Protein chains: 2
Amino acid sequence: MKRVSLDMIAKEVNLSKTTVSMVLNGKGDLHKINPDTQALILSVAKRLKFRPNMIARNLSTGSSKTLALIVPRIIDTYYGLIAESIEQLSLKLGYQVLLGTTHEDPVKEKELLLTFEAQQVDGILIASTQHNLEDIKTISDAGLPVVLFDRHYPEADLPYVVVDNYLGAQKLVKHLIESGRKNIGYVGLNLDLTAIKDRQRGFENAIEGRAKDSNNLKIVDHQHAKSDCRKAVEELILNQGVDGIVFETHYLALYGIAKIREMEVDYPGAVSIASFGDHEVFSIFRPEVTALVLPVEQIAQNSIDMLMRQIENKPGDDPHLNKIVEPSMKVRNT
Amino acid sequence: MKRVSLDMIAKEVNLSKTTVSMVLNGKGDLHKINPDTQALILSVAKRLKFRPNMIARNLSTGSSKTLALIVPRIIDTYYGLIAESIEQLSLKLGYQVLLGTTHEDPVKEKELLLTFEAQQVDGILIASTQHNLEDIKTISDAGLPVVLFDRHYPEADLPYVVVDNYLGAQKLVKHLIESGRKNIGYVGLNLDLTAIKDRQRGFENAIEGRAKDSNNLKIVDHQHAKSDCRKAVEELILNQGVDGIVFETHYLALYGIAKIREMEVDYPGAVSIASFGDHEVFSIFRPEVTALVLPVEQIAQNSIDMLMRQIENKPGDDPHLNKIVEPSMKVRNT
DNA sequence: CTGAAAGCGCTTACAG
DNA sequence: CTGAAAGCGCTTACAG
């Protein structure tokens, strides 16, 4: 594939690469290049369909104009939504985004981190498995901007943007209580993530004082989430007699709803539910499912902002960046 | 950020960059470099945590080792799944993937195409809006490998991998007929895509001979898919008295199911449904939803294969590549 | 207002 | 078995 280069244009117009480069980078006026010269260069570049070789430019400028985005999985619509936002925002700022998915595997995550570093990305946005602090630290210390989002390492001094999971869980419980529920259950995952623990703490704390029963808190194995969740729901309703259930994440809610529908219970009359995290089908279902919605655009925007601040970092400006974003209730019919 | 370069290693071991480069690229034996020398270089590189600057390598080799993936939207789980597969496969082959989403906007698509080309990607995988043949042609003719997937331009001579939509629609109808349905309706989108038209043709053809009524074929505006789909379902059931409905895509099925559930009909007893394209919730719903599943891994695998064949293209090997992949019925309870 | 030249960090054909 | 040197296609400090 023979592409037209700066050099070819320079020859065509009988000027130096320097001049051509300046003009084509919009620095013509800055360098006081003759307007006619500029017009000529521009027109020739257009005629020849010149597209600069970004690789060469990147090598020269030391910036690749690409960001890396690492998420557990892209088909999780929560991360999918964030990915879309980030892609849009990056593009607007002139950055491409490289995508990587870990499937919660720290080894895969480590590989991705190293590869992206080698690819000279200008920054990394990562929803980590939370089992790679070492590598992330190393990369960050080496001067490559990193922002943790959704998942962070509380013990580390790295920029992050996360949801207020504790508050979120409380909001869910509060909503159920206010709608008259007296005996609330919870179905959560056995994942070793701060986000998850915060949700469980939030639930336990909010439930305080009310018919509090540790059997109302069901933790299911994330490997067998579907069957275990169905079992948990059954127990909560049959044995614990709950009249409300909080699901720790959207897909647990999905599993739970299916189970409830099969059971002989008045739903959402006798058993009402609320999900931590929204899902596209929640507003399609009848009854529509009440959920705590996580502000994905805010997460994306803050993450990008934080990353850009680091990328454009003036030395001395060492911002201890972090942002805790507030989720909001979307009360629907359950 | 000061990184260690080939040069630093060369100085450290008192050898030339050439030798170091060869060894680090695993070509040591090929060039008969002394094994001890090799061992030394390797160990020093490791100690210094050398990571080659891919940008520099790319400029030198003329290959960026990155692929571009362009899809309408990543939160559509169908494309999400394909994206995940492609990402995995690419990584295995040593390619990173750059992501772009068009949201069905040809202008956005064109921008992405040009940017990726400038970024020197080694190949482009695209589920096109089907309104950019010119640009794709130009890029492909310039020698940049392109594979169209899911959406193709039938009039153009470009490599593609698509689903057999015509056959798929027929399978859906056949299934409904075989399960005793006599009066089948269809809800589709007003999109100007070959895939869509093939589905509608497939339906019409399969329904031939049976109580065929053009009012059984409802085309809804994709801008107001939700409300229009609900309306269509209502008409099909109330006015047309259908006992089975084929939905042209997973989200139409989602909308339709919600509507059916609200209506006073025996579902799936009196009205059974089947969806073109699977969705994660279909197996969670009770009853579980019958769907035609599109072989995403196959699509991903074939697309990558086709792209790689072009990338490694020996001149003279000008393969008219294309693959039509077969969808399969996943019969569940509806 | 414009250009010659060095440099970004690699790879590789050629030479010995 | 190893190295000097050119080259990939840009940018930019410096000079005039």
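On a predicted model such as this, the values are computed, not experimentally measured, just so you know. Each chain gets a letter, A, B and so on, in the order the sequences are listed, and its residues count up from 1.
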| request: Hey, which sits more toward the 5' end of DNA chain D by its nearest nucleotide, B:Lys32 or A:Pro52? | output: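 Here B:Lys32 is the residue nearer the 5' end.
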
| remark: The answer to which of B:Ala56 and B:Gln38 contacts DNA chain D further toward the 5' end, by nearest nucleotide, is B:Gln38

For the side chain of [X], counting heavy atoms from C-beta on, which of [options] is nearest?
X: B:Ser21; options: C:dT12, C:dA4, D:dT12; value: C:dT12
X: A:Lys27; options: D:dT12, C:dC10, C:dT12; value: D:dT12
X: A:Phe50; options: C:dG9, D:dC10, D:dG3; value: D:dC10
X: B:Asn53; options: C:dC10, D:dT11, D:dC1; value: C:dC10
X: B:Lys17; options: C:dG3, C:dC10, C:dT2; value: C:dC10

| query | Within a reach of under 6.0 Å around NZ of A:Lys137, are more than 12 heavy atoms found that belong to other residues, nucleotides or ligands? | reply |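 More than 12 heavy atoms, drawn from other residues, nucleotides or ligands, come within 6.0 Å of this atom.
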
| field | No-H, no-angle donor-acceptor pair, B:Ser60 side chain to C:dG9 base, under 3.5 Å | value | no

| What about B:Thr18, does its side chain sit under 3.5 Å from the base of C:dT12 through a donor-acceptor pair? |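 Indeed there is one.
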
| message | Between A:Arg309 and A:Asp305, is the salt bridge (charged side-chain N to carboxylate O under 4.0 Å, His left out) condition met? List the steps. | response | CA-CA 6 Å; A:Arg309 265 185 71 182; A:Asp305 287 351; over 6 Å; no

How close or far is atom [atom2] of [N] from atom [atom1] of [X], stated in whole angstroms?
X: A:Arg57; N: D:dC10; atom1: CZ; atom2: P; result: 9 Å
X: B:Lys65; N: C:dC10; atom1: NZ; atom2: C1'; result: 15 Å
X: A:Leu6; N: D:dG9; atom1: CG; atom2: C1'; result: 7 Å
X: A:Met8; N: D:dC8; atom1: CE; atom2: P; result: 13 Å
X: B:Met22; N: D:dG3; atom1: CE; atom2: P; result: 10 Å
X: B:Leu48; N: C:dG9; atom1: CG; atom2: P; result: 15 Å
X: B:Lys11; N: C:dC10; atom1: NZ; atom2: P; result: 12 Å
X: A:Met54; N: C:dC8; atom1: CE; atom2: P; result: 20 Å

Can you check whether [Y]'s main-chain N or O pairs, donor with acceptor, with [X]'s side chain at less than 3.5 Å?
X: A:Ser64; Y: A:Gln120; value: yes
X: B:Lys17; Y: B:Ala10; value: no
X: B:Tyr153; Y: B:His131; value: yes

What nucleic acid atoms does [X] come within less than 4.0 Å of, heavy atoms only: base, sugar-phosphate, or nothing?
X: A:Asn58; answer: nothing
X: A:Leu15; answer: sugar-phosphate
X: A:Thr61; answer: sugar-phosphate

| Pick the nucleotide of DNA chain C nearest each of A:His31 and B:Ile55; which residue has the one closer to the 5' end? | A:His31

| Any side-chain heavy atom of A:Val13 sitting closer than 4.5 Å to one from A:Thr19? | no

| Looking at B:Thr19, does any N or O in its side chain come under 4.0 Å of the phosphate oxygens OP1/OP2 on D:dG3? | yes

| Is there a side-chain polar atom (N or O) of B:Ser5 under 4.0 Å from OP1 or OP2 of C:dG9? |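 For B:Ser5, the contact criterion (side-chain N or O under 4.0 Å from OP1 or OP2 of C:dG9) is not met.
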
| Opposite nucleotide pairing with D:dC1, Watson-Crick or G-U, both atom distances under 3.5 Å | C:dG16

